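In what follows, a single structure is set out as structure tokens and then discussed.
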Amino acid sequence: MPHQHAIEPPKESADYPGRSADCVAALRPAVADLAIAAPEDLTTTMTTGPAGDFAELVARAERAGWHADEAQAAIRQLAREQEGARGTLFD
């Protein structure tokens with residue numbers, strides 16, 4: 001896994017407005033690095049769920065206080081953004 005960015009924990013342990021956006025923001029730097037380091041895992045992550053280093057990122061997010069399902073959703077969203085930024089997705 002490339003340089004591991006620190007993952008900011010959620011502001012509260014319970015659900016709160018904006019929690020999903022906070023999770024996306026917390027994982028954005030790590031996903032950007034992984035998109036470069038493991039582009040094949042990025043494609044798999046987008047279609048079937050976190051794979052390879054992205055699966056380890058889910059575990060790291062859980063250790064930081066995020067729920068696995070919200071981390072997976074954030075990673076999928078960020079993977080789609082990364083692919084879109086590369087011009088590989090067409091709407």
Side-chain angles (χ1 to χ4, degrees):
M1 182 177 261
H3 170 75
Q4 293 188 354
H5 292 275
I7 298 173
E8 292 294 319
K11 294 176 185 170
E12 301 174 22
S13 59
D15 194 24
Y16 60 88
R19 184 176 166 111
S20 63
D22 287 350
C23 187
V24 168
L27 296 176
R28 186 177 303 279
V31 170
D33 282 352
L34 289 177
I36 294 166
E40 64 286 345
D41 288 345
L42 179 72
T43 302
T44 302
T45 294
M46 236 177 37
T47 56
T48 61
D53 287 339
F54 289 94
E56 172 56 27
L57 182 55
V58 171
R60 288 183 49 222
E62 284 184 285
R63 289 191 296 272
W66 300 101
H67 301 294
D69 60 336
E70 65 191 344
Q72 290 172 5
I75 290 168
R76 278 189 171 149
Q77 176 183 334
L78 290 164
R80 286 191 301 271
E81 287 176 12
Q82 287 291 322
E83 285 293 291
R86 292 179 185 183
T88 55
L89 286 181
F90 301 96
D91 292 324

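All values derive from a computational prediction rather than experimental measurement. Each residue takes its place number in the sequence, starting with 1.
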* To do: Output, in order, the C-alpha distance, side-chain angles, deciding distance and verdict of side chain to side chain contact (heavy atoms under 4.5 Å, CB included) for Val24 and Arg28.
  => CA-CA 6 Å; Val24 168; Arg28 186 177 303 279; 3.4 Å; yes
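- Counting all heavy atoms, side chain and backbone alike, Pro50 lies closest to Thr45 at CA-OG1, 3.6 Å.
- With sequence neighbours left out, the salt bridge (Lys or Arg N to Asp or Glu O under 4.0 Å) criterion links Asp22 to Lys11.
- Contact detail for Gln82 and Ala35: the closest heavy-atom pair is OE1-CB, 3.7 Å.
- The two residues Cys23 and Glu70 come nearest to each other via the heavy atoms SG-O, 3.7 Å.
- The CZ atom of Arg80 lies 11.0 Å from the CG atom of Leu42; values are rounded to the nearest 0.5 Å.
- Across all non-hydrogen atoms, the minimal contact from Tyr16 to Ala14 is CD2-O, 3.3 Å.
- Considering all non-hydrogen atoms of both residues, Pro10 and Arg19 come closest at CB-NH1, 3.5 Å.
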Got a list of side-chain donor-acceptor pairs under 3.5 Å for residues 71-78, not counting sequence neighbours?
residue : atom : partner : partner atom : Å
Arg76   : NH2  : Thr48   : O            : 3.1
Gln77   : NE2  : Glu81   : OE2          : 3.2

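- Residues passing the side chain to side chain contact (heavy atoms under 4.5 Å, CB included) test with Glu8, sequence neighbours excluded: Ala26.
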| message | Determine whether Asp41 and Leu34 satisfy the following criterion, side chain to side chain contact (heavy atoms under 4.5 Å, CB included), listing intermediate values before the conclusion. | response | CA-CA 8 Å; Asp41 288 345; Leu34 289 177; over 6 Å; no
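- Under the side chain to side chain contact (heavy atoms under 4.5 Å, CB included) criterion, Ala64 pairs with Ile7, Trp66, sequence neighbours left out.
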